[in-house]
2 protein chains.
Amino acid sequence: MPTIYEVAERAGVSLSTVSRVLNGKSSVNKALKERVDQAVKELNYRPNSVARSLANSRTDSVGVLVPELNAPFFGDLMQAVESTLRAQDKHVIITVGRNCLETEKDAVDFLISRNCDALIMHAEALSDDYLLDLNQNKLPIALVNRKVEGLPNACITLDNEKGGYLATRHLLELGHKNIAYISGPAYKADACLRLKGHERALIEAGLSVNPQLIFNGNYSEEDGKIGLLELMARDLPFSALVCANDWMASGAISCARDLGMSLPQDLSIVGFDDVVFAHHVFPRLTTVSNPVADMAEMSAKYILNKVYGQDHNVQHCFEPSLVVRESTINFES
Amino acid sequence: MPTIYEVAERAGVSLSTVSRVLNGKSSVNKALKERVDQAVKELNYRPNSVARSLANSRTDSVGVLVPELNAPFFGDLMQAVESTLRAQDKHVIITVGRNCLETEKDAVDFLISRNCDALIMHAEALSDDYLLDLNQNKLPIALVNRKVEGLPNACITLDNEKGGYLATRHLLELGHKNIAYISGPAYKADACLRLKGHERALIEAGLSVNPQLIFNGNYSEEDGKIGLLELMARDLPFSALVCANDWMASGAISCARDLGMSLPQDLSIVGFDDVVFAHHVFPRLTTVSNPVADMAEMSAKYILNKVYGQDHNVQHCFEPSLVVRESTINFES
DNA sequence: AAACAATTAGAAAGCGCTTTCTCGCATTTA
DNA sequence: TAAATGCGAGAAAGCGCTTTCTAATTGTTT
């Protein structure tokens, strides 16, 4: 690998001049510039990114924290972040948090130890205070799918309440009156908001919120099954079910089928997120789309603005929308 | 951020000594070592990884190239690589190749420019020669799911032929005699081998290979549909279908259902890869499991051996196995 | 006790770049 | 024409570490 010094020698200039040509920040005599460009080409010179980082204390790398990589939702997120950032010659260092506080902290420590210029996180377990600290420690961060008081700019969120509302209103419009709900865990803000939207839709329709029709799951496929069984055991009739994510909807669907129900005739089901498998499920899942890729791209743009002096428009709140497929049908009494 | 110099000062030793304590390569007087450790703790010192990399020309980073991130198969791959490597304090830089020669080359260039110590690739478009060149250029590489003559050690592969064989033998054992096959693209080695396995099973069973029962797809869901329609249009009866991956199987399934067939009674279908959605499909897909996570982990271990002087056992060829679910059933004439 | 070997600590060079500082030269102004 | 100004190019310091080389200290051998 040739160094900048060899380029300078071949071009017959000093290495400062080569650096200036390479970075284009200060002006260089045209003839010299051409000699340098020529030398660069001849030697097939590529600047050493490590040395450059050491000299200007910037690594052009952005740390990313996601709960897992082998899940469609986070795959979409990663894909968007990676392509947005790499288009600007930054790279991502990906770490996995596994929904676990210790692992997430380790991951952040690791990213810091790698001198990332900024962090983009989908943090599940880290506390608001921890995140505030991080940010005050002069490390720019962006938070996808999370709202932290005190970090209004860093947060890129979805209007989860509206999503929950859309799901339930869709069922109401189809004539359903008894609508069960399998929620995500109560300690997660998005789960609460989705539920709140569900309740608002009921109330707007003049119906009452019956806690007996609500089950608290943990967003897993398994809990979709358990939830459906539990709700049915409570012996209150319902003709439709909203699940707070697609995994639970998928669990509920296969459970329902195992119980001999025919879908969607016996039960209309709505999911949330519109992950890739939503249309593999049978019947194809009606769900609320979560524009995670857009949000992820936006978080990357926010970082590009904040750390690398670029100037993108950034939008902090995104809207979900309903995707009607075949798992919901008119209520026929 | 404190530097190694400040640690040395506080401990009252030279910075060489601090470095030695930190790296533990050469021996240091116990008392001094303790003073250094103490100083490190007091200052909360973290070595600057960039400076370290510059000094010893090693970045502790491994470049990874995958066709895409938002697909279950590559999600599994990434997850395994990331966790294996990070457990050893290395990090991955992920790039996306999109199945496109130019993009893949760009990605590799990018990774090289980032001074990765090694590359782990699931390369679709790069030629064997290109890969050989890379490797001869002193950059260690590992290739997942690919066999390149001349790089026997770098390749971590699946016995695709056996996988194809298992899929078809399963159907034969169920009594099927007319088995259609939707293949992957002929220019991909894995697709050819899977098909070859299918043919071997047929021949072993005393049946002949009828090209009219084979359709060449491109591994996409869409081509599963197109393939099934095309095969049916050829007007040769078949009671079972092998698809060379799960995406095409999923496409074929929804197409079959749209045609009013009932599955698996009217048609048994086998997929390949056992990606996460295989059990979301209805009927749940019988498929050939592809231990991609194991292979990915192994590729990471190979790199750990090769570049970082570790000593893991490495296995170069992996065995697929049949996962029987509900999309296949006995042939009843 | 003297001569030697074996350890261990410190000084200093070097990794490849960026950037400040300085100086020389060309251009402008009085 | 002399002084003032501006600009571009080179010298050199510095980013924070590793590692070689040298020197000093300790322990070992005869």
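Model, not experiment: these values are computed from the prediction. Chain identifiers are assigned alphabetically (A, B, ...) following the order of the sequence lines, protein sequences preceding nucleic acid strands; residue numbering begins at 1 within each chain.
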note = Between A:R146 and A:L131, the two heavy atoms sitting closest are CZ-CD1, 3.7 Å
ask   = In whole Å, what is the span from the CG atom of B:N29 to the P atom of D:dA24?
value = 18 Å
message = Of the listed nucleotides (D:dA9, D:dG10, C:dG10), which one gets closest to any side-chain atom of A:S14?
response = D:dG10
message = Distance check needed: C:dA9 C1' versus B:R35 CZ, whole Å only.
response = 12 Å
query = Within 45 degrees of the axis of the six-membered ring of B:Y308 and under 6.0 Å from its centre: does B:K90 put its NZ or CZ there?
reply = yes
task = Could you check if a side-chain atom of A:D190 sits within less than 4.5 angstrom of a side-chain atom of A:L158, using non-hydrogen atoms only?
result = no
query = Separation of B:E9 atom CD from D:dG16 atom P, in whole Å?
reply = 14 Å
message = Can you measure B:L54 atom CG to C:dG16 atom P for me and round it to whole angstrom units?
response = 7 Å
task = Give a yes/no answer on whether the side chain of A:T17 brings an N or O atom under 4.0 Å of OP1 or OP2 in D:dG10.
result = yes
task = Classify the side-chain pair B:H91/B:R86 by whether it contains a donor and acceptor separated by less than 3.5 Å.
result = no
ask   = At under 4.0 Å between heavy atoms, what does A:V50 touch on the DNA or RNA strands: base, sugar-phosphate, or nothing?
value = nothing
note = Letter by letter from the 5' end, nucleotides 17-22 of chain D scores (B base, S sugar-phosphate only, - none; protein heavy atoms under 4.0 Å) BBBB--
ask   = Under a 4.0 Å N-O cut-off, is there an ion pair linking B:R10 with B:E6?
value = no
message = Less than 3.5 Å apart, any donor N or O on the side chain of A:E68 or B:Q79 sitting next to an acceptor on the other?
response = no
